[in-house]
Amino acid sequence: MIKLTIHSTGPDLTVVRIVGRLDATSLSDAREFFANPHPPLPPDTSIDLSGLIALDAPGRRFLLDLRSAGHKLVGGSLYINQLLMEPTP
């Protein structure tokens with residue numbers, strides 16, 4: 001299960017908070033959320049990973065794609081950050 005919420009912390013900063021597991025069962029919800037966000041997300045949105053408790057390979061790829069698109073991945077646990085730093089096969 002995954003929960004995604006948008007928070008504006010100022011006129012120039014938007015944060016999307018991800019809570020739960022980003023895996024094969026929740027990935028379609030995450031993709032839909034980012035494809036059609038309300039309100040629209042600026043390209044430099046921060047993605048708060050502090051509530052992310054599990055991540056599989058497709059979820060990892062999704063987060064790396066968000067980072068490549070200009071979003072900032074912030075607040076991840078040591079475990080999540082280590083997974084995101086591993087080389088992509």
Side-chain angles (χ1 to χ4, degrees):
M1 179 171 190
I2 192 165
K3 180 179 179 183
L4 298 111
T5 54
I6 299 174
H7 305 272
S8 290
T9 58
D12 298 326
L13 182 60
T14 300
V15 177
V16 171
R17 184 151 197 249
I18 300 176
V19 177
R21 300 164 115 29
L22 185 56
D23 56 22
T25 57
S26 63
L27 190 55
S28 62
D29 292 337
R31 287 187 193 283
E32 183 177 329
F33 178 90
F34 280 95
N36 300 300
H38 299 287
L41 300 175
D44 61 346
T45 296
S46 292
I47 312 299
D48 177 2
L49 305 177
S50 62
L52 186 62
I53 60 171
L55 183 66
D56 68 1
R60 177 182 179 270
R61 178 78 259 153
F62 178 72
L63 290 178
L64 293 175
D65 289 346
L66 289 176
R67 185 168 60 192
S68 294
H71 299 299
K72 300 172 193 148
L73 305 179
V74 299
S77 68
L78 181 61
Y79 167 73
I80 297 295
N81 289 335
Q82 186 64 36
L83 287 175
L84 293 172
M85 290 184 350
E86 290 181 2
T88 304

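Model, not experiment: these values are computed from the prediction.
- Among all heavy-atom pairs drawn from Arg67 and Leu73, the shortest one is CB-CD1, 3.9 Å.
- Here the CG-CZ distance, from Leu52 to Arg17, works out to 10.5 Å after rounding to the nearest 0.5 Å.
- Rounded to the nearest 0.5 angstrom, Arg61 CZ and Ser68 OG are separated by 6.5 Å.
- Here the closest non-hydrogen pair linking Pro58 and Leu27 is CB-CD2, 3.6 Å.
- In this structure, Ile2 and Phe33 have side chains that are not in contact, with every pair of non-hydrogen atoms separated by 4.5 Å or more.
- Between the side chain of Ser50 and the backbone N or O of Gly75 there is no donor-acceptor pair closer than 3.5 Å.
- Shortest non-hydrogen contact noted between Asn81 and Gly76 is ND2-O, 2.9 Å.
- At least one side-chain heavy atom of Tyr79 sits less than 4.5 Å from a side-chain heavy atom of Leu83.
- Ser46 and Leu13 make their closest contact through OG-CD1, 3.9 Å (heavy atoms, listed as atom of the first residue, atom of the second, distance).
- Val15 and Leu63 are not part of a single hydrophobic cluster, where members link through side-chain heavy atoms under 4.5 Å apart.
- No side-chain donor-acceptor contact under 3.5 Å links Asp23 to the backbone of Asp56.
- How far CE of Met1 is from CG of Leu22: 14.0 Å, rounded to the nearest 0.5 Å.
- Identified under the ring-ring contact (aromatic ring centres under 6.0 Å, His included) test for residues 49-69, with sequence neighbours left out: Phe34-Phe62.
- Judged by distance alone, the side chain of His71 and the main-chain N or O of Pro43 form a donor-acceptor pair under 3.5 Å.
- The closest side-chain heavy-atom distance from Leu49 to Leu84 is below 4.5 Å.
- In this structure, CD1 on Ile18 lies 12.5 Å from CD1 on Ile53, to the nearest 0.5 angstrom.
- Leu64 is connected to Leu66 through a chain of hydrophobic side-chain contacts under 4.5 Å among Ile, Leu, Val, Met, Phe, Trp and Tyr, so both are in one cluster.
- Residue Glu32 holds its CD atom at 10.5 Å from CG of Leu4, rounded to the nearest 0.5 Å.
- Considering all non-hydrogen atoms of both residues, Pro37 and Ile6 come closest at CB-CD1, 4.2 Å.
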